[in-house]
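Below is one structure; the comments refer to it alone.
Since this is a predicted model, take the numbers as computed values, not measurements. We're numbering straight along the sequence, starting at 1. Whatever order the structure lists them in is the order used to number ligands and atoms, beginning at 1.
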Amino acid sequence: MTEPDSLRHGRSLPVLDGPPVPLVLGRPASQPADERVDEYRPDAPALPRFAIWTLGCQMNRSDSEEMAGRLRGAGCDEAAQLESADLIVINTCAIREGAEQKVIGRQGQLARLKAANPGLRIVLTGCSVREPDRAGLHKRYPAVDLFLRPDEEPELIDRLGLASVQGAIGLGPGSAPSTGQTTLVGRTIVGAADHLADSRAAALAGSQIRRESATSAWLPIVYGCDKTCTYCIVPFSRGPERSRPFDEIIDEARGLAAAGYREVTLLGQNVNSYGHDLPAEARFEGIAPERSVGRRQDRRGRPDLAELLQTIDAMRTADGQPAIPRLRFVTSHPWDLSDRLIAAMADCPSVCEHLHLPVQSGDDTILHRMGRQYTIEHYLERLARIRAAVPGIAISTDVIVGFCGETEAQFQATLRLLEAVGYDQVFAAAYSVRPGTPAAHLADDVPPADKRRRLNELLALQESLGFDRNRARVGAIVQVLVETIVPPRGHDHEPDPEPARARPASQLGTVHLTGRSRAHTLVHLDGSADLVGRLVDVRIDHAGPYSLRGALA
Ligand code: SAH
Ligand code: SF4
Ligand code: F3S
């Protein structure tokens with residue numbers, strides 16, 4: 001990069017890869033003391049146009065909403081695509097090697113964008129940024145200027161030198177900057193700054209969350225993971241479990257209800273372990289859920305997910321309907337699927353009839369090696385209980401095939417489990433060794449061709465099982481929350497000069513829409529564009545293996 005070019009461009013950023021600048025907690029010093037002077041100031045120096053590339057799970061999407069909100073709050077505009085941005089934020093996923101390769105493989109293209117736009121700065125954050133790997137990051141991601149661990153994301157604005165433009169951001173009053181704070185998970189150092197909850201509260205107070213949708217919102221309730229799955233990188237990327245304070249979550253939900261959100265999804269790596277790390281309080285005296293598997297915990301007097309669901313469900317409109325008609329939560333771990341949670345799901349009309357409960361394998365020996373600490377018997381007992389309490393509930397799961405030492409018979413046990421349970425949806429992947437995880441010490445001995453074959457076999461089985469379940473829904477009327485307008489095929493490669501969303505619905509006539517049922521099944525329908533964001537009844541007339549089609553009832 002040459003200095004004159006970046007000056008000419010006027011949008012280049014000083015990148016502080018190291019200790020952050022001190023946080024500005026009052027009016028920024030760069031602003032004039034007399035506010036009237038503002039009137040005569042020339043235009044503010046050009047701010048970067050930013051683009052965020054988000055990979056991975058819903059938690060990353062939620063984190064990106066927060067980063068986008070902070071950047072917007074600092075006065076930056078959003079670029080339409082990466083190519084026209086002066087600041088690219090890559091929010092990475094590290095769950096499998098393939099997810100990391102997607103970003104590593106784009107380094108050349110990013111370097112070319114930098115050559116064409118010397119003012120371009122690239123920030124890489126998310127789960128690929130782990131404290132012990134810092135030294136290697138520059139080598140793996142040569143186009144990147146600044147690396148932030150997930151818990152450092154609230155410092156984005158400060159580290160880019162944009163804080164003086166925006167004023168106080170990030171941390172709540174009284175909390176100390178915590179870049180560099182780490183903790184130990186086993187013997188591994190991880191980022192564990194616990195100011196994420198405070199910084200979310202500050203972002204909410206300043207309306208600095210740029211939500212993806214005006215209909216459906218993510219609401220993080222617990223950060224990190226305390227579980228012991230030997231294959232998984234998440235505890236090393238995201239640190240230990242840290243629950244957001246109960247009242248802050250309720251306030252956020254109330255704000256979402258007031259803003260007209262139709263659906264809220266509570267987020268966490270394990271939402272159902274919510275609250276165990278919060279202080280006990282008299283008002284939660286009656287709460288004492290017991291874990292029957294996994295590490296023991298003293299949960300007496302602490303809020304739990306059931307309490308959260310009940311409190312959000314109890315927000316009602318004047319006519320007594322839930323103010324947020326649809327409440328969801330992901331992901332649940334079998335350790336914490338308590339009877340209290342099952343009862344809350346059954347009692348709360350807003351809680352959708354869907355549970356994502358990852359099983360990972362159908363064989364107890366493999367589960368033990370995976371560190372999951374439950375047996376198939378326990379898992380099935382929990383499922384039977386929830387199915388009895390919430391008849392017709394849709395169940396989805398995650399499965400890993402080809403984990404260390406998995407025999408053909410053990411794999412077959414997973415297929416038999418899929419048949420026995422009748423999942424509505426299965427997210428399956430071949431095992432991918434994650435450096436630094438306990439399983440990295442085990443032999444990754446299932447040959448890649450066998451992993452691929454097992455994965456294909458499992459997906460084919462689930463396709464037919466899912467198809468059967470969907471066929472059984474033909475003729476039924478299901479409630480759909482309409483989310484998107486699908487652009488007509490054939491025009492995919494030509495940019496629409498006037499995107500459908502920008503036109504008044506009256507000019508559009510009938511368009512192809514998609515939405516989700518309460519069971520979380522994708523539903524296609526035709527209707528007018530102004531149905532987006534609305535809950536409608538749809539009569540199902542066609543089933544596919546992964547989705548349904550119907551017409552307005
Ligand atoms: N916290 C959630 C899942 C988070 S990761 C839970 O416990 O269920 C999402 C899924 O990715 C996991 O459920 C698992 O199926 C898969 N996964 C995690 N690590 C993996 C690895 N090393 N190789 C392949 N799949 C993996
Ligand atoms: Fe990973 Fe297991 Fe934690 Fe899920 S529960 S994030 S699979 S360690
Ligand atoms: Fe990926 Fe991190 Fe989510 S590893 S799945 S982005 S928690």
Side-chain angles (χ1 to χ4, degrees), residues 53-64 90-100 102-103 124-130 133 149-151 153 185-186 188 190-191 196 218 220 222-241 267-274 293-295 329-337 355-362 366-367 369-374 379 395-404 406 414 423 425-440 442 444 446 448 451-452 454-455 458:
W53 175 21
T54 306
L55 299 100
C57 63
Q58 296 96 327
M59 191 54 106
N60 261 17
R61 289 171 67 181
S62 168
D63 291 346
S64 288
I90 309 174
N91 196 359
T92 57
C93 172
I95 205 77
R96 287 173 282 274
E97 197 191 339
E100 294 203 297
K102 270 189 208 160
V103 179
L124 190 126
T125 182
C127 292
S128 294
V129 185
R130 293 177 296 276
D133 303 336
R149 289 191 315 256
D151 60 282
E153 284 167 11
V185 170
T188 309
V190 296
L196 285 173
W218 310 118
V222 49
Y223 302 107
C225 179
D226 278 354
K227 303 298 187 289
T228 52
C229 311
T230 54
Y231 51 79
C232 187
I233 197 76
V234 173
F236 303 92
S237 297
R238 299 252 170 193
E241 286 170 2
L267 288 185
Q269 290 311 323
N270 296 287
V271 266
N272 54 352
S273 68
Y274 171 77
V293 286
R295 233 183 261 124
F329 52 90
V330 279
T331 298
S332 300
H333 192 289
W335 287 11
D336 294 303
L337 187 58
L355 177 70
H356 184 63
L357 194 65
V359 68
Q360 311 299 359
S361 165
I366 293 292
L367 284 177
R369 199 173 296 147
M370 286 177 163
R372 293 288 289 185
Q373 300 197 20
Y374 53 79
Y379 181 91
I395 309 284
S396 55
T397 201
D398 292 347
V399 171
I400 298 176
V401 301
F403 186 60
C404 309
E406 186 190 67
T414 303
Y423 287 105
Q425 214 178 353
V426 175
F427 301 90
Y431 171 59
S432 160
V433 186
R434 305 288 55 223
T437 59
L442 304 173
D444 176 22
V446 179
K451 283 184 185 171
R452 257 195 314 275
R454 287 180 194 177
L455 183 60
L458 184 143

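- In the vicinity of Cys232, heavy-atom distances shorter than 4.0 Å reach the ligand 2 atoms 1 (Fe), 6 (S), 7 (S), 8 (S).
- Numbered from 1 in the order shown, with element, the atoms of ligand 2 that lie under 4.0 Å from a heavy atom of Gln269 read 6 (S).
- Given atom 7 (S) of ligand 2, the protein heavy atom at minimum distance is Tyr231 OH, 3.4 Å.
- Given atom 7 (S) of ligand 3, the protein heavy atom at minimum distance is Gln269 NE2, 3.1 Å.
- Distance from atom 3 (Fe) of ligand 2 to its nearest protein heavy atom, with residue and atom name: Cys225 SG, 2.2 Å.
- Between Thr331 and His356, the side chains place no donor N or O within less than 3.5 Å of an acceptor N or O (distance only, hydrogens not considered).
- Counting heavy atoms closer than 4.0 Å to ligand 2, residue Asn270 contributes side-chain atoms (C-beta onward) but none from N, CA, C or O.
- With distances taken over non-hydrogen atoms, the option nearest atom 6 (C) of ligand 1 out of Val399, Ile95, Thr331, Val401 is Thr331.
- For atom 23 (N) of ligand 1, the closest non-hydrogen atom on the protein side is Ser432 N, 3.1 Å.
- Note on atom 1 (Fe) of ligand 3: protein N, O or S atoms under 2.8 Å away count 1, no waters included.
- Side-chain atoms of Ser396 do not come within 3.5 Å of backbone N or O of Val426 as any donor-acceptor pair.
- Within the 4.0 Å heavy-atom criterion, the part of Pro235 lying near ligand 2 is the side chain and not the backbone.
- Closest to atom 2 (Fe) of ligand 2 among all protein heavy atoms lies Cys229 SG, 2.2 Å.
- In the vicinity of Arg372, heavy-atom distances shorter than 4.0 Å reach the ligand 1 atoms 7 (O).
- The two atoms that bring Pro150 and Val129 nearest to each other are CD-O, 3.8 Å, heavy atoms only.
- For the side chain to side chain contact (heavy atoms under 4.5 Å, CB included) criterion with Cys232, the lone passing option out of Thr230, Val234, Thr228 is Val234.
- Within the model, atoms NZ of Lys451 and OG of Ser432 stand 7.0 Å from one another, a figure rounded to the nearest 0.5 Å.
- Close contacts between ligand 2 and His333 involve ligand atoms 5 (S) [criterion: under 4.0 Å to a heavy atom].
- Below 4.0 Å from some heavy atom of Arg434 lie the following atoms of ligand 1, by number and element: 22 (N).
- At the shortest separation from atom 4 (C) of ligand 1 among protein heavy atoms lies Gln269 OE1, 3.5 Å.
- Remark: side-chain polar atoms of Tyr223 are not paired, donor with acceptor, to backbone N or O of Gly239 under 3.5 angstrom.
- Near Val234, meaning under 4.0 Å from any of its heavy atoms, are these atoms of ligand 2: 6 (S).
- With hydrogens and angles left out, the side-chain atoms of Glu406 and Ser361 include no donor and acceptor closer than 3.5 Å.
- Here the heavy atom of the protein found nearest to atom 10 (C) of ligand 1 is Asp398 OD2, 3.4 Å.
- In terms of protein heavy atoms, atom 8 (O) of ligand 1 is closest to Pro358 CG, 2.8 Å.
- In this structure a side-chain-to-backbone donor-acceptor pair under 3.5 Å is missing from Ser62 to Gln58.
- Distance check, rounded to the nearest 0.5 Å: CD1 of Ile366 to SG of Cys404 gives 8.0 Å.
- Of the N and O atoms on the side chains of Glu100 and Ser128, at least one donor lies less than 3.5 Å from an acceptor on the other residue.
- When atom types are taken as modelled, the side chain of Asn272 and the backbone of Ser332 share no donor-acceptor pair closer than 3.5 angstrom.
- Against a heavy-atom cut-off of under 4.0 Å, Gln360 is close to the following atoms of ligand 1: 8 (O), 12 (C), 13 (O), 14 (C), 15 (O).
- In terms of modelled atom types and a separation under 3.5 Å, the side chain of Trp335 and the main chain of Arg372 share a donor-acceptor contact.
- For atom 19 (N) of ligand 1, the closest non-hydrogen atom of the protein is Tyr231 CD1, 3.2 Å.
- Asp151 contributes no side-chain N or O that, together with a main-chain N or O of Arg238, makes up a donor-acceptor pair within less than 3.5 Å.
- Ligand 2 lies within reach of Arg372, whose nearest heavy atom is under 4.0 Å from it.
- Contact atoms of ligand 3 toward Arg238: 7 (S) (distance under 4.0 Å to a heavy atom of the residue).
- Checking side-chain atoms of Arg96 against main-chain N and O of Ala429 turns up no donor-acceptor pair under 3.5 Å.
- Residue contact check for ligand 1: Ala430 places a non-hydrogen atom closer than 4.0 Å to it.
- Closest to atom 16 (C) of ligand 1 among all protein heavy atoms lies Arg96 NH1, 3.5 Å.
- Residues Tyr379 and Pro334 share a closest heavy-atom pair of CD1-CG, 3.9 Å.
- Applying the side-chain hydrogen bond (donor to acceptor under 3.5 Å, both in side chains) test between Lys227 and each of His333, Gln373, Glu241, Gln269 identifies Glu241 as the sole match.
- Rounding to the nearest 0.5 Å gives a distance of 12.5 Å between CD1 of Ile90 and CG of Asn60.
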